[in-house]
There are 2 protein chains.
Amino acid sequence: MSDTLHRNTRQRTAIRKVFESVNRPLSAQQVLELAQAEVDGIGIATVYRNLKTLLDEGWLTQVELPGGNLMYECAGKAHHHHFQCESCNRVYELEGCVPTIEKLARPGFKVRRHELVLYGTCATCRRPVQN
Amino acid sequence: MSDTLHRNTRQRTAIRKVFESVNRPLSAQQVLELAQAEVDGIGIATVYRNLKTLLDEGWLTQVELPGGNLMYECAGKAHHHHFQCESCNRVYELEGCVPTIEKLARPGFKVRRHELVLYGTCATCRRPVQN
DNA sequence: ATAGATGCAAAGAGTTTGCATAGGT
DNA sequence: ACCTATGCAAACTCTTTGCATCTAT
C-alpha cells in the first residue's frame, strides 16, 4: 500500500496541514471541518480516503478512544496516553506513563501493549465556571 | 428513568441470565446470540432497549473498550480493568489498579475516571504453542 | 495523455426509533 | 383492562465504495 505513487492534491495537503497545526488527535469530522477552511468543497469521503492513505504511509496513527469514534494523530511521537474532556470532548495528549501498568495482568498472560485514557474536565472548561 | 415500573418479560429475564452466567463483558451482538438460545424470536432492538434499561437501573455498566463496540457487564463490581486477547478477542477482568494513574493529568485538569486496557495473548491462547 | 484523486450519492455496519400488537401486572 | 415491552422496519450515524469527472504528473 505504501509503495503506491501518491499525488499532492490541495485536499491532501490541507489535511496534513490540519494535523500539523493542531497538536491533538482529531476525528474524521473534525478534520473535515478544519480542512474546509483551506479547501472549499472538500468532502467527507476524501477525508476518509486520505486518512487511510496517510495511515498506510505511516504518517498518521489511529487513536482508539474507548466508546467513541476513531481519532487520528501524527505518527512518530513518544509513547503517550490521552485525556478526554467530558464537556468539550477535546482530546489532549498526556506525557509519561505508569511503569507498573502491565503488572496487572494475570500470570500466564502475555501483555503486548496497553491503552490508558483519563476522563474529566479540561482546564479551559473549568475556568468559565470559576476555578 | 430508573423509577419507572419494569416488567419481567422472558426476553429481559434471558438477557439478565446471560450476563449472570458468563462472567465477562459482552457486546450487544453477543448478548443477542446467547439470549436466542433462551428466547427464540428475540430481536436486536429488544436487546438494545434492555441494555439501555438495565444501564439506567444500574444493573449493568458500559465497558468502553478502545476502537471496538461498546460492551456491557454486571454492575456493582469492585473497580477493575480489562485485558483483551488479540488472538481470541475474549475480554478478561483484571484485579486492582495503579494508584498513581491520575497523576498523569496536566495541572488544572480535573480527572473524574479512567479506562485502562491491556492487550496481548491470554493463557489459553499461549498454551497450544507450548509454554 | 494517463492514472490517481475528488465529489456526489448510494451502500454497509451498528444503533435507535416509530408503530401496531403482544403480553405482564 | 391498562400500559409497558416486543418485533419489524425505517431512520440515523459513521464509514466505505462505485462512478463519472477532474487534475497532478
Side-chain angles (χ1 to χ4, degrees), chain A residues 1-19 25-57 59-73 84 89 91, chain B residues 1-19 25-57 59-73 84 89 91:
Chain A
M1 302 264 157
S2 46
D3 56 344
T4 316
L5 192 87
H6 291 303
R7 294 173 179 175
N8 291 317
T9 59
R10 289 177 306 138
Q11 292 85 345
R12 182 163 304 158
T13 303
I15 290 170
R16 259 194 291 248
K17 201 168 149 190
V18 161
F19 280 104
L26 297 170
S27 68
Q29 192 58 42
Q30 290 172 327
V31 173
L32 176 67
E33 286 158 13
L34 292 170
Q36 272 170 341
E38 198 75 16
V39 180
D40 191 48
I42 188 170
I44 189 69
T46 297
V47 170
Y48 278 110
R49 275 186 285 234
N50 277 298
L51 290 176
K52 181 153 290 195
T53 303
L54 293 168
L55 279 175
D56 288 341
E57 288 176 352
W59 197 88
L60 282 180
T61 36
Q62 245 171 6
V63 179
E64 300 189 342
L65 289 180
N69 315 351
L70 287 177
M71 301 186 94
Y72 305 82
E73 68 182 1
Q84 181 160 37
N89 282 314
V91 177
Chain B
M1 303 265 159
S2 48
D3 56 344
T4 316
L5 192 87
H6 291 304
R7 293 172 180 176
N8 292 317
T9 59
R10 289 176 307 138
Q11 291 85 344
R12 182 164 303 159
T13 303
I15 289 170
R16 259 193 292 247
K17 202 168 149 191
V18 162
F19 279 104
L26 297 171
S27 68
Q29 192 58 42
Q30 290 172 325
V31 172
L32 176 67
E33 286 158 13
L34 292 169
Q36 272 170 340
E38 197 76 17
V39 179
D40 191 49
I42 187 170
I44 189 69
T46 298
V47 170
Y48 278 110
R49 274 187 286 234
N50 276 297
L51 289 177
K52 182 153 290 194
T53 304
L54 293 167
L55 278 174
D56 287 342
E57 288 176 352
W59 196 89
L60 282 180
T61 37
Q62 245 171 6
V63 180
E64 301 189 340
L65 290 180
N69 315 351
L70 287 177
M71 301 186 93
Y72 304 83
E73 68 182 0
Q84 182 160 36
N89 281 313
V91 177

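Order of the sequence lines fixes the chain letters, A, B, ..., with proteins taken first and strands second; residue numbering starts at 1 for each chain.
Annotation: side chain to side chain contact (heavy atoms under 4.5 Å, CB included) contacts of B:Gln62 (sequence neighbours excluded): B:Leu55, B:Glu64, B:Leu70, B:Tyr72. Partners of A:Arg49 according to the side chain to side chain donor-acceptor pair (under 3.5 Å) rule, which considers only residues two or more places apart in sequence or in another chain, do not exist here. Contacts of B:Gln29 classified as side chain to side chain contact (heavy atoms under 4.5 Å, CB included), with partners at least two apart in sequence or in another chain: B:Ser27, B:Leu32, B:Glu33, B:Ile44. Partners of B:Gln11 under the side chain to side chain donor-acceptor pair (under 3.5 Å) rule, at least two apart in sequence or in another chain, do not exist in this structure. Every residue two or more places apart in sequence or in another chain was checked for a side chain to side chain donor-acceptor pair (under 3.5 Å) with B:Lys52, and none qualifies. Partners of B:Asp40 under the side chain to side chain contact (heavy atoms under 4.5 Å, CB included) rule, at least two apart in sequence or in another chain, do not exist in this structure. Taking B:Val18 as the reference, B:Leu26, B:Leu34, B:Ala35 meet the side chain to side chain contact (heavy atoms under 4.5 Å, CB included) condition, with sequence neighbours excluded.
Between B:Asn50 and the phosphate of D:dA5, there is no side-chain N or O to OP1/OP2 separation shorter than 4.0 Å. Distances shorter than 4.0 Å separate none of the side-chain N or O atoms of B:Thr46 from OP1 or OP2 on D:dA5. The side chain of A:His6 contributes no N or O atom lying less than 4.0 Å from OP1 or OP2 of C:dG4.
Put simply, CG on B:Leu26 is 16 Å from P on C:dG14, counting in whole angstrom units. Taking atom CG of residue B:Leu5 and atom C1' of nucleotide D:dA5, one finds them 12 Å apart after rounding to whole Å. In this structure, A:Gln36 atom CD and C:dT6 atom C1' are separated by 14 Å, rounded to whole Å. Between A:Leu51 atom CG and C:dT6 atom C1' there is a gap of 15 Å when expressed in whole angstrom units. Rounded to a whole Å, the CG atom of A:Asp40 is 15 Å from the C1' atom of C:dC8.
Contact of the B:Val47 side chain with the B:Gln36 side chain is not registered, since no non-hydrogen atoms from C-beta on lie closer than 4.5 Å.
In this model, a side-chain donor or acceptor of B:Arg7 finds a partner on the base of D:dT4 within 3.5 Å.
Taking every heavy atom of residues 9-19 of chain B and every atom of DNA chain D, pairs under 4.0 Å involve B:Thr9, B:Gln11, B:Arg12, by number.
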(request) Do nucleotides 12-19 of chain D as a string where each nucleotide becomes B, S or -: B if the base has a protein heavy atom under 4.0 Å, S if just the sugar-phosphate does, - if no protein is that close. (result) --SBBBB-
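Taking NE2 of A:His6 as the reference point, atom CZ of A:Arg12 lies at 6.0 Å (rounded to 0.5 Å).
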